Amino acid sequence: MIAGLFYSDWILLRDSRIEIERLKRGLKANEAVLSSVKDLETGQRGYLLTGDRSYLQPYQKGKSELSGLTDSLSSEVQLPDQIERVEKLRPLIQDKIAEVDATLLVRDQLGAEAALTIVRTGRGKATMDAIREVSSAISNAGYSRLVANSADVEERSLRARFAVLLGCGILTGVLAVSLGLIQRSNVRREDLMETLDNARRRFQVTLSSIGDGVITTDEAGLVTFLNPVAAQLTGWNPQDAEGQLLESVFPIADEITHERVENPARQAIRERRVMGMVNDTNLLSRNGTSIPVDDSAAPIYDSENTLTGAVMVFRDVTPRRAAEQALRRWEHVFQHAGFGMAVLTAGEQPVLEQVNPTFAAMHGYSPTELTGQPYSMIVAPEVWPAKAKLLASLSPDDHFLTETIHLRKDGGKFPAMVDITAVRGVDGNIVYRTEYCSDISERKRAEEELQQSEERYRITADSLPQLIWTSKPDGTTEYLNNRWHEETGFTLEQIGQQGWMHFLDPEIRETCLEKWKQSLDSGEAFEAEARFNTPNKDDHRWYTCRAVPVRDSNGRIIRWFGSCTDIHKQKLAAEALRASKEELQLSNEALKRSNMDLEQFAYAASHDLQEPLRMVAIYSQLLKEEFGGNLHCQANSYLAFAADGALRMEALLRDLLAYSRAASPEEWTREDVDSQQALNKALENLTASIQETSAEITRASLPHVRIPEVFLVQVFQNLISNALKYRKPHERPVIHIDAKPKDGTWVFSIRDNGIGIATEYQAQIFRIFGRLHGQEVAGTGIGLALCKKLVERSGGTIWVESVEGDGSTFFFAVRA
C-alpha cells in the first residue's frame with residue numbers, strides 16, 4: 001500500500017514537472033509573439049516618421065516570424081480557455097500586419113502625411129491594445145497555472161514525506177527497505193525542490209528580461225518584485241522598493257490635469273479582474289521626471305484560486321506620445337493654415353470631402369457648406385473642362401501645379417494657384433486627392449503693376465540725359481537705355497552681356513572692375529570714376545558710374561540699377577582749378593612774406609618813433625615846469641598842447657604795435673585758457689579806472705576756452721575799459737560779464753549801462769581809428785579793432801547789441 005501510494009505520488013510529480021515545462025514554453029512563446037508584434041509596430045513607427053528604410057528591419061523580421069511563433073504558442077497550450085485566447089489572438093495579429101502593410105505602402109507611394117492620416121484613425125492602436133490584452137491574459141493565466149503547479153508539487157512532496165514516515169512507524173521490521181524508499185523519495189523531493197527553485201528563478205529571469213516594466217505585489221498592494229526596466233523607469237532600487245506601497249513606487253497622474261489617478265494594480269486586486277491599458281497617464285519617477293506610460297494589471301491567484309497579489313506591466317511611450325502630438329499638430333496646421341487645403345474624392349467628378357476654414361472662406365462659404373459638394377461648383381465654367389482633363393490624366397508623379405479661376409459663393413471670380421496630388425491605395429488606385437489653393441489676386445495685380453512700372457521705368461530711363469543700365473545680381477547687364485546708343489553707337493545686343501564694362505578704358509579697367517566685384521560680393525553701393533572709349537566721340541570721356549542694389553521684401557538682391565554721368569567738363573575744370581590753386585599757393589606764400597616784412601616794419605617804426613616822442617613830451621614838461629612862470633599864458637598853453645600831443649602819439653604807436661603783434665605767428669597758439677584768470681588779470685590792469693569811477697563789476701561762472709591767454713586778457717581789458725569810458729554822466733558804471741555754450745563755442749557777453757551806440761555806427765566802431773566821440777573821450781580808436789582782430793584770429797566772432805542811451809552789450813564767441 002505504501003509503495004502504491006508512493007508510486008502514485010511519483011507519477012503525479014512527474015506529470016507536474018512535464019506540465020511546468022510546457023507552461024514555461026507557452027509563456028516564452030507568448031512573450032516571443034508579443035515581442036514580434038512590437039517589433040512590427042516599432043519598424044512601422046520609425047519608417048513613417050523618418051522615411052529611413054533601416055527602420056523596416058524589425059518589421060520584416062517580426063512579420064516573417066509571427067506565423068511560426070503563433071503556431072508554437074498554440075501547440076503549447078492545452079487548457080480550453082488558453083486555446084480560445086490563442087485562436088482570438090491569430091486574427092488580431094493578421095489585422096495588425098495588414099494595417100502596418102497598408103501604412104507602409106501609403107508612406108512609399110503618397111508620403112508621410114497620407115500614411116499618418118491612416119494612423120490617425122486609431123485602428124492600429126486599437127488592434128495593438130487588443131493584442132496586448134489577449135497576450136496579457138495568456139501570460140497571466142500561464143503564470144497562475146505555473147504557480148499552482150509549483151504549489152501542487154510542494155504539496156505532493158510533503159505528502160510523500162508523511163507517507164514514508166507513516167510507513168516507517170508501521171513497518172518497523174522492514175526498516176532497511178523503508179530507509180531505501182525514504183532515501184529514494186528524499187532524492188526525488190530534492191530534485192523536485194530544485195526544479196521548483198529553478199522554475200522560480202527562471203520566472204524571475206523571464207520577468208527581468210521583459211522589455212516592459214514589471215512590478216508584482218502581494219494581496220495588500222505591497223511591492224514584491226521590480227524588474228530592471230521598472231527600476232529604471234521608477235527610479236527605485238528593487239531592494240528599497242520591496243515592501244513599499246505600490247502607490248509610492250509607481251505613482252501616476254493624468255497627463256492633462258496632472259491629478260493623481262488610481263493605480264491599475266490596486267484596481268485589479270479590488271475588482272479581481274484584468275485591467276486593460278490605461279492611456280494618457282504619466283509616471284512620476286522618483287528622480288522628479290514625468291514619463292508618459294501605458295500600463296495594465298492583472299490579479300495573481302494560487303492553485304486554490306486564492307488571490308495572492310497582482311502583476312502590473314507598463315512601458316515608456318514617450319516616442320508614441322510625440323508621434324500623437326505630431327499628428328495633432330498636423331491636424332491643427334490643416335485647420336489653421338493660412339492657405340486653402342482640401343481633400344477631394346477620386347473619380348472624374350470629384351467631391352469636396354474635407355476643407356479647411358481658409359479654403360472655405362476664400363470661396364465665401366463655411367467648411368460645412370462646402371463639405372460633400374462637387375468640386376466643379378467652385379471652378380469657373382470656362383476653365384472646368386481643362387481642369388477636369390488634368391484631373392483625369394495626372395502627371396507621372398500624380399501631381400500638378402497650375403493657375404486657374406475659381407468661383408465665390410456670390411458669383412465673383414478670382415485667380416487661384418492650385419497644387420493637386422493624387423493619393424493611391426495598396427492596389428494602385430486613387431483613393432483621394434489633396435489640393436492646396438491660394439488666392440493670387442494680389443499677386444496678379446502686383447504683376448500688372450510691375451509690368452506697368454517697368455514700362456514707365458524704361459520710358460523714364462530713355463528720356464534721361466544720363467547713361468542708365470541695369471544688371472542681374474551676378475553683374476550681367478540686362479538693359480541699356482537709348483542714351484548708350486546715342487553716345488557709343490552700340491546697343492546691348494551688339495556688345496553682349498558685358499554691357500557698360502565694354503567701353504572701359506584699358507588703363508583704368510582693372511581698378512574699376514575690382515570695385516564693381518567688391519560691390520557684387522558685399523551688396524554695397526558701387527561708385528567709381530571711369531574713362532570710356534566712345535567711338536562717337538573724338539576723345540576719351542570721363543563718367544561717374546554709380547549703382548545701387550534693388551532688393552525684394554526678404555532683402556535679397558534682385559537687380560542692380562546703375563547710371564553713368566558725364567563729368568568730362570568737370571574733370572577739365574578740376575584740372576584747371578588745380579593749376580589755379582598751385583598759382584594761388586605761390587601768391588599766398590609771396591603775400592605771407594610781404595606781410596611778415598610789413599609787420600617787422602610796423603614793429604620797428606612804432607618802436608623807433610616812441611623814443612623821440614617820449615623826448616618831446618619830457619622836455620615840454622620840463623620847459624613848462626622851469627620856465628612856465630616867465631612865459632606868457634598863451635605860450636604855456638602851447639607847451640601843454642605839445643606835451644599832450646606827444647603823449648597821445650605815444651599811446652597811438654603803442655596800440656599800433658599791439659595791433660600788428662596780433663597777427664604775428666609767434667603769438668598764435670591754441671592754449672586751453674581759464675577765462676576766470678584772464679578776467680582777473682584784465683581787472684588788475686584796470687584797477688585805477690575802476691576805483692576812479694566806483695564801477696560795480698559782476699560776473700557769472702566762466703569756462704575754459706581755446707584762445708591765447710594774452711589775447712583774451714586784451715579783449716576783456718579793452719571792452720571793460722570802453723564800458724568805463726563811455727559811461728553816463730553822474731551815474732555809477734554797472735558791468736556784468738557772462739558766458740553761454742552754443743554749437744561747440746562759448747559766447748561771452750559784457751553788458752554795461754553806459755551811453756549806448758546808435759545802430760548806424762555799430763559796424764563802424766570795429767574799424768581801426770573808428771571813433772565816434774572825437775577828443776571828448778580819451779582813446780586812439782584802435783581798441784575795438786584790436787579786439788576784433790584777436791577774436792577772429794582765434795577762430796571766433798565779435799559783435800555788439802546796443803540802444804543809444806540805454807547801454808551796450810558786446811559779444812564775442814571763441815571755441816570751447
Side-chain angles (χ1 to χ4, degrees), residues 44 47-53 56 98-124 326-327 329-360 362-363 365 367 369-407 414-440:
Q44 174 200 27
Y47 182 63
L48 290 185
L49 293 175
T50 66
D52 187 351
R53 301 199 69 85
L56 294 179
E99 182 266 340
V100 172
D101 288 343
T103 57
L104 296 182
L105 183 59
V106 171
R107 176 66 172 84
D108 289 338
Q109 294 184 354
L110 308 179
E113 179 60 28
L116 291 176
T117 301
I118 297 177
V119 174
R120 291 192 192 104
T121 63
R123 172 188 152 194
L327 291 177
R329 189 161 54 248
W330 280 111
E331 178 66 22
H332 180 82
V333 168
F334 179 82
Q335 293 297 331
H336 299 88
F339 51 87
M341 300 177 68
V343 178
L344 313 177
T345 61
E348 297 181 358
Q349 296 295 328
V351 173
L352 294 167
E353 191 173 83
Q354 185 179 8
V355 299
N356 70 345
T358 303
F359 185 93
M362 74 170 60
H363 293 86
Y365 296 91
E369 289 177 310
L370 279 183
T371 302
Q373 297 298 323
Y375 179 58
S376 58
M377 185 180 77
I378 62 169
V379 180
E382 63 268 24
V383 300
W384 172 245
K387 191 75 168 287
K389 185 177 180 181
L390 280 175
L391 290 171
S393 58
L394 289 175
S395 60
D397 59 354
D398 288 342
H399 168 265
F400 70 82
L401 176 69
T402 184
E403 291 186 10
T404 185
I405 300 175
H406 277 197
L407 290 175
F414 65 93
M417 175 70 73
V418 296
D419 185 321
I420 296 181
T421 302
V423 180
R424 297 184 182 272
V426 179
D427 57 2
N429 294 323
I430 295 177
V431 180
Y432 59 89
R433 296 182 177 93
T434 61
E435 175 176 317
Y436 302 89
C437 179
S438 298
D439 183 346
I440 58 173

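The shown structure was predicted, so the numbers you read here are calculated from the model rather than taken from an experiment.
- Nearest heavy atom pair, residue Glu435 against residue Val418, reads OE2-CG1, 3.4 Å.
- Partners of Gln349 according to the side chain to side chain donor-acceptor pair (under 3.5 Å) rule, which considers only residues two or more places apart in sequence or in another chain, do not exist here.
- Pro381 is listed as a side-chain neighbour of Leu407, based on a closest heavy-atom distance under 4.5 Å.
- Judged as a side-chain contact (heavy atoms from CB on, under 4.5 Å), and not counting sequence neighbours, the contacts of Glu369 are Tyr365, Ser366, Lys409.
- Looking at residues two or more places apart in sequence or on another chain, you find a salt bridge (charged side-chain N to carboxylate O under 4.0 Å, His left out) between Asp101 and Lys63.
- To the nearest 0.5 angstrom, Ile378 atom CD1 is 13.5 Å from Ile405 atom CD1.
- Atom CG of Leu370 is separated from atom NE2 of His363 by 7.5 Å, given to the nearest 0.5 angstrom.
- For Ala346, the side-chain contact (heavy atoms from CB on, under 4.5 Å) partners two or more places apart in sequence, or in a different chain, are Ile430.
- Here the closest non-hydrogen pair linking Gly340 and Thr358 is N-CG2, 3.8 Å.
- Separating the CZ atom in Arg424 from the CG atom in Asn429 is a distance of 7.5 Å, to the nearest 0.5 Å.
- With sequence neighbours left out, the side-chain contact (heavy atoms from CB on, under 4.5 Å) criterion links Thr434 to Thr421, Val423, Tyr432, Tyr436.
- Within the 4.5 Å cutoff, no side-chain heavy atoms of Arg433 are placed close to those of Tyr375.
- Between Pro367 and Ala360 the shortest heavy-atom distance is N-CB, 3.5 Å.
- You'll find the side chain of His406 reaches within 4.5 Å of the side chain of Phe414, heavy atoms only.
- In this structure Glu99 satisfies the salt bridge (charged side-chain N to carboxylate O under 4.0 Å, His left out) test together with Lys96, sequence neighbours excluded.
- Shortest non-hydrogen contact noted between Met417 and Leu401 is SD-CD1, 3.7 Å.
- Residues Met362 and Phe339 have side chains not in contact (no heavy-atom distance under 4.5 Å, counting atoms from C-beta outward).
- Between Val355 and Ala342, the shortest heavy-atom distance links the atoms CG1-CB, 3.8 Å.
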